[in-house]
There are 2 protein chains.
Amino acid sequence: MLIFIIIVNNTLKSSLPTVLSTETQTLASRAFESIKSDIIAGRLSQGSKIVESDLALKYGISRGPLREAIHRLEQIRLVVRVPHAGSRVVALDSKMIEDIYVARECLEGMAARLAARHMTGEDIRSLMELLNQHERDIGKAEGKFYFQSEGNIDFHYRIAVASQNRWILDNLNGELYQLIRMCRHQSGQAPARPQISLEQHRQIASAIAFRDEELAELLMRRHISGAWKIVKTILEEKHE
Amino acid sequence: MLIFIIIVNNTLKSSLPTVLSTETQTLASRAFESIKSDIIAGRLSQGSKIVESDLALKYGISRGPLREAIHRLEQIRLVVRVPHAGSRVVALDSKMIEDIYVARECLEGMAARLAARHMTGEDIRSLMELLNQHERDIGKAEGKFYFQSEGNIDFHYRIAVASQNRWILDNLNGELYQLIRMCRHQSGQAPARPQISLEQHRQIASAIAFRDEELAELLMRRHISGAWKIVKTILEEKHE
DNA sequence: TTAACCTTTATTGTCAACAATTATTATTTA
DNA sequence: TAAATAATAATTGTTGACAATAAAGGTTAA
């Protein structure tokens with residue numbers, strides 16, 4: 001039996017499922033979660049080879065459930081696998097990151113549109129409150145990119161949930177956000193322009209409050225393509 | 001090393017990977033393909049329970065690779081699985097089909113935009129030729145919904161490929177198109193308004209040829225949301 | 001008769017050994 | 001010395017048996 005302890009940070013309550021961490025019932029699930037966080041945090045470095053027996057030993061389980069975990073990691077694109085030749089941690093290059101941002105742009109744009117359609121008044125109030133919380137966090141925890149970064153994803157996650165579209169939600173939460181996190185953990189953390197980002201979030205929330213689907217989608221798409229442009233320049237600088 | 005063989009049918013050359021039939025190397029892959037086509041064709045009916053040992057016996061393999069096949073089917077959403085309780089073939093309800101069409105709308109919209117950016121002159125000529133072929137097919141094979149239906153997906157597939165975005169391509173080709181096929185195979189085949197559909201495809205191709213990204217995306221989104229409206233009315237009629 | 005509990009059965013989860021494949025190294029030959 | 005080839009080692013794919021869990025059915029008590 002394995003017990004997960006949920007640490008509630010009173011200054012920043014996160015609604016992300018990563019934290020709630022439903023006490024997983026099967027060895028494969030637990031291995032999946034462990035390896036996933038190892039990859040995202042960079043403890044398993046990009047492009048490094050994954051040997052089944054090694055990892056099985058490391059986690060104290062047999063190769064069966066570990067294989068299942070790897071297959072699931074392959075699905076969410078944290079691992080690439082070639083038959084008979086083994087699997088490696090994904091290596092994110094510039095093109096791949098661009099693809100991720102472009103996919104996010106259209107999916108989250110649609111999510112914002114649907115959120116404007118489906119969110120209840122209570123949902124919207126709660127969303128506004130989250131943004132206020134973010135504002136306070138920015139003031140307090142200057143330079144603490146981690147919290148800011150998670151808070152950022154938190155906003156986007158709420159929109160994705162509010163879309164009430166399982167495909168969109170699963171894609172964003174199951175694959176794209178993970179890779180964004182991974183990307184940040186490695187390339188010197190966060191984009192770090194919290195005020196601008198917060199302001200854009202406020203505009204999106206406002207459009208949702210006014211039930212302006214068109215505008216909500218438009219603003220979200222701009223917000224994300226803008227984020228990509230910044231990431232891109234950072235990557236290009238780094239490349240020299 | 002893996003070699004793809006493209007079989008060219010002279011009356012209807014399909015660029016779909018379903019046809020190129022990569023000679024799969026592993027038992028799990030073969031089982032995956034077999035079960036997938038069984039589900040899509042309705043030989044495994046929606047919502048029916050999947051018992052590992054039964055299927056293993058049926059395909060003459062052991063439970064190990066069969067489990068892997070089921071996991072992969074779960075990823076592409078043809079199967080839903082609950083831990084310790086087994087897995088069932090997905091049961092498509094109206095809401096789920098709507099979600100699929102909405103996801104398609106934004107992903108393919110973006111794909112059309114990107115196609116307008118990336119397609120070469122040769123690509124565009126080939127696309128036009130495909131549409132001419134479709135026109136001939138409509139004239140010839142009246143009522144042969146299968147060809148029309150596959151031809152329809154064929155057009156969309158080319159756009160997705162031309163987007164040069166792996167996420168978008170994989171999502172469409174790996175998950176959404178499969179479910180659309182499945183949906184058609186069951187609910188009395190095709191939407192059957194080939195001329196209108198063809199005309200809309202022509203408009204999209206034209207926008208791509210003019211490198212009008214904005215228009216290409218707009219037209220594609222209309223095309224798909226229009227298709228959903230028709231499917232929706234059919235479903236509602238059927239429900240009575 | 002119904003509800004709770006226990007027993008049985010069917011099914012999934014896990015394991016360790018075996019087979020097949022690929023990568024590596026050593027050896028031979030030009 | 002370099003290239004090609006064969007032997008070896010490492011790793012993945014596959015199998016059948018065993019353990020754990022959940023569903024089904026029957027039994028007992030209120």
Side-chain angles (χ1 to χ4, degrees), chain A residues 1-4 21-36 38-39 44-91, chain B residues 1-4 21-36 38-39 44-91:
Chain A
M1 170 77 70
L2 217 155
I3 300 172
F4 284 84
S21 182
T22 145
E23 181 200 322
T24 45
Q25 296 290 14
T26 158
L27 292 186
S29 313
R30 286 209 282 269
F32 171 72
E33 295 294 338
S34 297
I35 303 173
K36 187 169 79 173
D38 281 354
I39 291 177
L44 264 61
S45 61
Q46 292 193 23
S48 65
K49 186 136 197 291
I50 290 176
V51 178
E52 292 178 2
S53 29
D54 291 3
L55 276 190
L57 202 72
K58 181 176 170 187
Y59 290 103
I61 60 178
S62 95
R63 272 183 55 218
L66 189 120
R67 262 174 87 83
E68 186 185 327
I70 291 178
H71 291 320
R72 288 174 60 182
L73 289 165
E74 189 194 7
Q75 288 174 355
I76 65 169
R77 266 122 166 172
L78 257 43
V79 161
V80 289
R81 207 168 64 98
V82 28
H84 292 272
S87 41
R88 322 185 80 92
V89 178
V90 69
Chain B
M1 168 83 64
L2 219 153
I3 301 171
F4 286 84
S21 177
T22 143
E23 182 200 318
T24 45
Q25 296 289 14
T26 158
L27 293 185
S29 313
R30 285 209 282 270
F32 171 72
E33 295 295 339
S34 297
I35 302 173
K36 186 169 80 171
D38 281 355
I39 290 176
L44 264 62
S45 62
Q46 291 195 23
S48 64
K49 185 132 197 290
I50 291 177
V51 178
E52 293 178 1
S53 30
D54 291 2
L55 275 190
L57 201 73
K58 180 175 169 186
Y59 289 104
I61 60 179
S62 95
R63 271 184 55 217
L66 189 121
R67 263 173 86 82
E68 186 186 326
I70 291 179
H71 292 319
R72 289 174 59 184
L73 288 165
E74 189 195 6
Q75 287 174 355
I76 65 169
R77 267 120 165 173
L78 256 44
V79 161
V80 290
R81 206 170 64 99
V82 29
H84 292 279
S87 40
R88 322 186 80 92
V89 177
V90 68

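First the proteins, then the strands, lettered A, B, ... as listed; each starts at 1.
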Rounded to the Å, how far apart are [X] [atom1] and [N] [atom2]?
| X | N | atom1 | atom2 | result |
| --- | --- | --- | --- | --- |
| B/Glu68 | C/dT12 | CD | C1' | 17 Å |
| B/Arg67 | D/dT14 | CZ | P | 15 Å |
| B/Lys49 | C/dT11 | NZ | P | 6 Å |
| A/Arg30 | C/dT14 | CZ | C1' | 12 Å |
| A/Glu74 | D/dT12 | CD | P | 13 Å |
| B/His71 | C/dG13 | NE2 | P | 7 Å |
| B/Glu52 | C/dT14 | CD | P | 11 Å |

What contact category does [X] fall into here, base, sugar-phosphate, or nothing, at under 4.0 angstrom with non-hydrogen atoms?
| X | answer |
| --- | --- |
| B/Gly64 | base |
| A/Leu66 | nothing |
| B/Ile70 | nothing |

Looking at residues 54-62 of chain A, who's got a heavy atom less than 4.0 Å off DNA chain C?
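Per residue number, the list reads A/Ile61, A/Ser62.
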
Nearest atoms (heavy-atom pairs only) where [X] meets [Y]:
| X | Y | value |
| --- | --- | --- |
| A/Leu66 | A/Ala56 | CD1-N, 3.5 Å |
| B/Arg72 | B/Ser29 | NH1-OG, 3.6 Å |
| B/Ala28 | B/Pro65 | CB-O, 3.6 Å |
| B/Ser34 | B/Tyr59 | CB-CE2, 3.4 Å |

Nearest-nucleotide wise, let me know which of B/Pro83 and A/Ala85 is further upstream toward the 5' end of DNA chain C.
B/Pro83

Shortest side-chain distance from A/Leu27, nucleotide among D/dT15, C/dT12, C/dC15:
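Out of D/dT15, C/dT12, C/dC15, the nucleotide with an atom closest to A/Leu27's side chain is C/dC15.
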
A/Ala28 side chain, from C-beta outward: closest of D/dT14, D/dT11, C/dT14:
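The closest nucleotide is C/dT14.
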
Taking 4.0 Å as the cut-off, does a side-chain nitrogen or oxygen of B/Thr26 come that near to OP1 or OP2 on D/dT14?
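Checking D/dT14 against B/Thr26, a side-chain N or O does come within under 4.0 Å of OP1 or OP2.
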
Please tell me if B/Arg81 has a side-chain N or O lying less than 4.0 Å from either OP1 or OP2 of C/dG13.
yes

Between A/Val79 and A/Ile39, does a side-chain contact (heavy atoms from CB on, under 4.5 Å) hold up when you go through it step by step?
CA-CA 9 Å; A/Val79 161; A/Ile39 291 177; 4.0 Å; yes

Carboxylate-amine/guanidinium contact B/Glu33 B/Arg30, below 4.0 Å
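Not counted as a salt bridge, because no side-chain N and carboxylate O are separated by less than 4.0 Å.
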
Rounded at 0.5 Å granularity, tell me how far [atom1] in [X] sits from [atom2] in [Y].
| X | Y | atom1 | atom2 | value |
| --- | --- | --- | --- | --- |
| A/His71 | A/Ile76 | NE2 | CD1 | 14.0 Å |
| A/Leu55 | A/Leu44 | CG | CG | 6.5 Å |
| A/Arg67 | B/Glu68 | CZ | CD | 5.5 Å |
| B/Asp38 | B/Lys36 | CG | NZ | 12.0 Å |

Write down the protein N/O and nucleotide N/O pairs, taken from nucleotides 6-8 of chain D, whose separation is under 3.5 Å; answer none if there are no such pairs.
none

Against B/Glu52, only a single residue in B/Arg81, B/Lys58, B/Arg63 fulfils salt bridge (Lys or Arg N to Asp or Glu O under 4.0 Å); can you say which?
B/Arg63

Has the side chain of A/Arg88 got a donor or acceptor atom that lies under 3.5 Å from a matching backbone atom of A/Gly47?
yes

Between protein and nucleic acid, restricted to nucleotides 18-21 of chain C and to nitrogen or oxygen atoms under 3.5 Å apart, what atom pairs and distances do you find?
none

